[in-house]
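Read the structure below first, then the notes.
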Amino acid sequence: MPYKVALAGNPNVGKSTIFNALTGLKQHTGNWTGKTVESCEGHFSENNEMYSVVDLPGAYSLSSFSREEAVTADCLQSTSFDCVAIVLNAGVPERNLIFALQVLSMVPHAILCLNLTDEAAKKGLQINAGQLSKRLGIPVVSCCAAKKQGLREVKRAIALVCRTKQENAFFRHLQPLREDAADRLLHRYAKQLCDTCVTRTAADRKTRRDRKIDRILTAKATGIPLMLLLCGVLFWLTAVGANYPSGWLSTLFAAVKERLVTVCSAFALPKFLSGIIIDGIYTTLGWVVSVMLPPMAIFFPLFSLLEDAGFLPRIAFNLDRCFAKCGAHGKQSLCMMMGIGCNACGVTGCRIIENDKERLIAVLTNTFMPCNGRLPIIIAMLTLFFADSPNGWVSSCHIAMLMVAILAGCVLITLAASKVLSTALKSQSPSGFLLELPPYRAPRLLKTVTRSFLDRTLFVLGRAVAVAAPAGAVIWLCANIYIGDASVLAYCTDFLDPVGRFLGLDGVILTALLLGFPANETVIPIILMAYTANGTLTEFTGSEQLYSLLTQNGWTAATAVCMIIITVLHFPCSTTCLTIKKETGSLKWTLLSMAIPTITGVVLCAVTAHVL
Amino acid sequence: MMYNTCKLSELPLHQTAVVEQMDRRDPVTARLIQLGVINGATVTPLFKSMLGDPVAYQVNDCVIALRRSECSGVTVRTEDDGHAV
């Protein structure tokens with residue numbers, strides 16, 4: 001049996017970084033409170049002994065307020081861990097020690113990791129680990145997980161406690177006390193510990209520089225322009241950068257396809273089999289990878305740099321007032337930003353919002369943020385139909401600006417929907433904002449970018465194999481099984497065509513959106529498949545061919561606009577729906593979360609189609 | 001020595017004050033206590049958000065953003081001449 005170890009601590013003290021360093025796993029990390037909302041497990045071995053480690057969500061206290069904190073408290077209470085490693089932010093000793101004492105009174109075996117010691121030193125704080133260890137009766141280790149310093153000592157300390165089962169000096173100290181008395185005692189004791197074990201000198205330039213950046217980012221005159229500019233630069237880099245790898249990938253896929261055709265004919269495979277494999281599965285896979293992967297593999301590494309630096313909490317801070325006015329919570333903007341990555345993650349991330357009603361609003365409106373599977377569709381639409389300047393630089397700036405405008409539109413729709421929901425839902429006392437603004441941290445450039453790039457690539461490839469490949473097979477079957485003189489697919493698209501036309505789209509697009517329910521990544525491939533299914537399949541090696549195929553099938557700029565609208569505003573994908581069901585525990589809310597965006601999208605599309 | 005007391009939400013920017021009293025009935029209070037806003041703690045409003053609310057406060061060694069409504073239950077004490085206590 002491996003020893004059971006848990007990592008606990010205040011939010012944003014680097015538990016996940018330590019976890020990754022100990023276990024060699026690659027949990028996501030980020031410089032903001034609430035990055036980890038679900039506990040995660042891993043293993044490491046030391047001196048031939050196995051240790052299983054649980055990374056618990058951060059908590060300010062064990063008398064829980066939010067769901068993520070409840071997870072931590074329950075886990076510490078119900079499991080008998082051989083060692084709990086309490087991670088402290090050495091830069092905020094007093095508050096972190098209060099939490100540590102709470103844990104120590106609950107579990108007998110523990111160690112203390114003083115993390116972020118480099119940051120603390122810059123703040124002018126020095127903690128005497130030996131003294132602290134003597135007072136608490138447990139090993140205290142200084143480390144700096146991001147720089148991989150002190151991790152060997154952490155492992156040794158964990159091993160020592162697991163072996164000797166030494167009990168800490170504070171265990172069961174608080175049990176006979178009432179809650180407020182316990183609270184007072186905790187605070188007094190933490191203060192005493194700080195007074196004896198922490199020495200302070202003046203803060204250095206870093207803190208003053210942080211305040212300067214904060215003032216620029218949060219001032220009325222510079223805050224919004226800077227946020228928009230940052231967002232614009234992000235999309236500009238994505239639009240400019242994605243074109244090249246997209247082209248390369250589609251050329252590659254086309255070349256491999258030719259070989260595949262030769263191989264298939266050499267083995268004299270039946271037409272049906274080669275059709276389903278090459279024209280169905282392989283082509284769809286190729287399209288998903290070449291159209292969807294490059295924008296995401298560029299956008300997300302850049303985004304994670306901002307995340308690591310600590311910008312996200314500032315954005316939430318700036319926007320809180322808007323959200324408060326709409327009866328929602330500023331932290332919702334954090335969930336929305338996660339939603340851009342994946343709505344399912346965004347929905348889970350809503351756990352950081354403490355108030356039930358505000359959390360429900362955040363969950364139900366998360367789909368208004370275009371996710372990983374939909375963002376590239378929008379970028380593709382903009383690139384094909386609205387980047388008409390002959391100058392590449394001008395048109396890419398154009399795309400970036402339109403993209404920022406669309407995203408701003410998404411935020412406005414989210415706010416409007418939140419307002420409607422908050423008036424409709426039963427009122428509850430509003431919760432506070434209470435968000436910690438962490439110090440800015442220089443992101444580990446190369447590491448963050450490569451990890452995020454690999455993660456995204458694996459994510460998209462995984463979805464492509466798991467969903468796009470079967471979807472390709474199904475759609476090929478639909479397009480090639482004939483009832484009478486029309487294919488099944490043709491029946492579907494013809495049936496939906498009048499509705500589609502009314503919305504400024506067509507039957508094929510609607511069919512694709514419905515069939516794209518398992519994963520929105522497949523929408524564009526399905527559309528292409530449907531358009532090319534009847535004639536001989538042409539090769540697509542660039543955006544010109546894509547453009548001509550779409551225009552041949554009656555697409556205009558107006559169709560593209562409606563396509564963008566319906567892409568943003570339709571039911572969430574199946575994974576997100578399941579997550580919403582899990583998070584809200586109610587079928588009613590899940591169905592509502594599908595209905596709200598769909599109805600909004602249908603109305604907006606119909607209006608747009610008749611105006612344009 | 002002369003002291004001035006006021007609500008935390010009314011404390012001007014960059015003026016350090018000491019928490020004197022907290023509204024026990026306010027549900028937010030318990031959360032504030034966990035974040036280190038307790039009797040005797042020093043707090044300094046550092047900067048306002050773009051739209052004026054919430055405001056970021058230096059509490060102990062960290063920066064916490066609080067809405068106006070949340071800090072209206074906290075009474076703080078400053079010295080008369082406006083300098084830190």
Side-chain angles (χ1 to χ4, degrees), chain A residues 10 59-61 63 65-66 69 89-96 98-99 120 123-125 179-180 183-184 187 190-191 194 198 200 203 210-211 214-215 217-224 227 313-314 316-322 324-325 330 354 429-439, chain B residues 7-9 11-16 18-76 84-85:
Chain A
N10 274 183
Y60 284 116
S61 162
S63 41
F65 274 81
S66 63
E69 294 190 335
N89 178 349
V92 193
E94 196 169 321
R95 195 189 69 205
N96 278 262
I98 293 174
F99 177 81
K123 273 172 143 178
L125 289 169
E179 199 177 321
D180 52 337
D183 253 8
R184 265 203 304 276
H187 282 110
K191 196 161 174 49
C194 275
V198 181
R200 284 167 189 277
D210 273 15
R211 291 297 84 78
D214 273 334
R215 240 165 271 146
L217 275 179
T218 56
K220 223 179 261 176
T222 46
I224 288 203
M227 265 161 52
R314 269 75 182 184
F317 175 66
N318 272 338
L319 293 179
D320 180 56
R321 184 113 183 91
C322 307
K325 280 216 169 123
E354 289 138 27
S429 63
S431 77
F433 182 56
L434 296 158
L435 184 68
E436 199 179 336
L437 302 178
Chain B
K7 285 181 180 173
L8 181 56
S9 50
L11 193 65
L13 285 186
H14 310 300
Q15 181 165 12
T16 303
V18 174
V19 177
E20 191 161 80
Q21 208 178 12
M22 298 179 75
D23 187 355
R24 285 265 164 204
R25 289 159 305 171
D26 196 333
V28 180
T29 300
R31 192 63 166 168
L32 285 174
I33 289 174
Q34 291 173 3
L35 286 163
V37 184
I38 43 169
N39 290 355
T42 49
V43 288
T44 319
L46 289 178
F47 51 91
K48 290 181 178 177
S49 82
M50 217 155 51
L51 302 166
D53 187 28
V55 174
Y57 294 90
Q58 174 91 40
V59 182
N60 284 329
D61 298 299
C62 52
V63 182
I64 296 167
L66 301 175
R67 281 185 190 163
R68 174 174 281 276
S69 58
E70 296 167 282
C71 22
S72 54
V74 181
T75 313
V76 295
V85 177

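Since the model is a prediction, treat every value here as computed from it, not as a measurement. Every chain is numbered from 1 and lettered A, B, ... according to where its sequence line falls, protein lines coming before strand lines.
Of the atoms belonging to A:Arg211, it is side-chain heavy atoms, and not backbone ones, that fall under 4.5 Å from chain B. With a threshold of 4.5 angstrom between heavy atoms, A:Lys123 approaches chain B through side-chain atoms but not through N, CA, C or O. The contact between A:Pro93 and chain B is made by backbone and side chain atoms together, counting heavy-atom distances below 4.5 Å. Both the backbone and the side chain of A:Ala324 come within contact range of chain B, each with at least one heavy atom under 4.5 Å from a heavy atom of that chain. With a 4.5 angstrom heavy-atom cutoff, B:Leu35 touches chain A via backbone and side-chain atoms both. Using a 4.5 Å cut-off between heavy atoms, B:Asp53 contacts chain A through both its backbone and its side chain. If you measure heavy-atom distances from A:Leu125 to chain B, the contacts under 4.5 Å come from the side chain alone.
Rounding to the nearest 0.5 angstrom, the gap separating the CZ atom in A:Arg184 from the CG atom in B:Asn39 is 10.0 Å. The CE atom of B:Met50 sits 5.0 Å away from the CE atom of A:Met227 when rounded to the nearest 0.5 Å. Taking OG1 of A:Thr218 as the start and CZ of B:Phe47 as the end, the distance is 5.0 Å to the nearest 0.5 Å.
In this structure the side chain of A:Leu434 reaches within 4.5 angstrom of the side chain of B:Leu66, judged on heavy atoms.
In terms of heavy-atom proximity, A:Phe317 sits nearest to B:Val55 at CE1-C, 3.9 Å. Contact detail for B:Arg67 and A:Gly330: the closest heavy-atom pair is NH2-N, 4.0 Å. The two residues A:Arg95 and B:Cys62 have their closest heavy-atom pair at NH1-SG, 3.1 Å.
With sequence neighbours excluded, the residues that form a side chain to side chain contact (heavy atoms under 4.5 Å, CB included) with A:Ala316 are A:Ser333, A:Leu334, A:Leu435. With sequence neighbours excluded, the residues satisfying side chain to side chain contact (heavy atoms under 4.5 Å, CB included) with A:Ile98 are A:Leu186, A:His187, A:Ala190.
Ranked by heavy-atom pairs under 4.5 Å with chain B, the first of A:Ile224, A:Asp320, A:Leu319, A:Val92 is A:Asp320. Of all the listed residues (B:Cys71, B:Ala65, B:Gly36), the one sharing the greatest number of non-hydrogen pairs under 4.5 Å with chain A is B:Ala65.
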Q) Would A:Arg200 and B:Asp61 satisfy side chain to side chain contact (heavy atoms under 4.5 Å, CB included), going step by step from the backbone distance to the final call? A) CA-CA 11 Å; A:Arg200 284 167 189 277; B:Asp61 298 299; 2.9 Å; yes

